[in-house]
Amino acid sequence: MAADASAIAQTIQLSVTPVFLLVATGSLLNVLAGRLSRVVDRSRVLMARWPETEGEEHARVVAELRAADRRMRVINNSILAAVACGIVVCLLVALLFTQAFTGLNLGVAASWAFALAMLLLLASLLLFLLEVRLAIRAIQVPMDLLEGEEAGWLRRSRR
């Protein structure tokens with residue numbers, strides 16, 4: 001019985017690192033869901049304004065809607081990669097426990113699962129970075145909203 005308890009304790013110790021990865025992935029998913037929610041809300045506002053606009057303002061609304069649509073697709077892909085990472089981490093923990101209790105050598109499978117989880121997390125983070133860059137590019141402050149001195153500085157810096 002003592003051997004079983006020590007095997008369980010050792011397996012739990014081995015599972016701690018993947019569980020930290022799972023917590024980090026969950027935190028990333030929380031951030032991504034928040035960003036997606038804000039983009040969806042902004043898109044709804046823009047869609048309500050769309051029929052009421054004309055000319056240059058209409059073109060700005062359409063351009064912002066296109067940018068929001070692209071951002072939503074990128075965030076969705078980032079969420080997909082993060083969820084897949086979480087699933088693979090759960091599989092990794094299951095492999096570790098299966099190895100401990102069956103005596104099967106699943107070390108290679110566990111190594112591949114960990115590497116796959118890392119790649120999926122990397123993909124999610126890169127997509128998150130892309131979405132942040134898209135968001136920054138989408139923000140356009142109209143010149144008429146800037147104060148005179150700042151607008152003059154902006155015009156001089158573009159020359």
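Throughout, numbering of the chain's residues begins at 1 and tracks the sequence. Worth saying up front: this structure is predicted, and the values here are computed from it rather than measured.
When the salt bridge (Lys or Arg N to Asp or Glu O under 4.0 Å) test is applied to R49, the partners found at least two apart in sequence or on another chain are E57. Evaluation of the salt bridge (Lys or Arg N to Asp or Glu O under 4.0 Å) rule for E56 yields R60 as partners, not counting sequence neighbours. Here L104 pairs with T102, L106 under the side-chain contact (heavy atoms from CB on, under 4.5 Å) rule; sequence neighbours left out. Every residue two or more places apart in sequence or in another chain that forms a side-chain hydrogen bond (donor to acceptor under 3.5 Å, both in side chains) with R42 is listed here: E64. Partners of N77 under the side-chain contact (heavy atoms from CB on, under 4.5 Å) rule, at least two apart in sequence or in another chain, are L127. Residues satisfying the side-chain contact (heavy atoms from CB on, under 4.5 Å) test with L126, not counting sequence neighbours, are L122. Partners of R66 according to the side-chain hydrogen bond (donor to acceptor under 3.5 Å, both in side chains) rule, which considers only residues two or more places apart in sequence or in another chain, do not exist here. For A81, the side-chain contact (heavy atoms from CB on, under 4.5 Å) test picks out A123, S124, with sequence neighbours left out.
Each salt bridge (Lys or Arg N to Asp or Glu O under 4.0 Å) pair with one or both residues in residues 114-131, not counting sequence neighbours, appears once here: R35-E131, R71-E131.
In the hydrophobic clustering, L119 connects to no other residue, as no ILVMFWY side-chain heavy atoms lie under 4.5 Å from its own. Hydrophobic clustering, defined by side-chain heavy atoms of Ile, Leu, Val, Met, Phe, Trp and Tyr closer than 4.5 Å, groups L65 together with L46, M47, W50, V61, V62. Connectivity analysis of hydrophobic side chains (ILVMFWY, heavy atoms under 4.5 Å, direct or indirect) links L120 to V88, L116.
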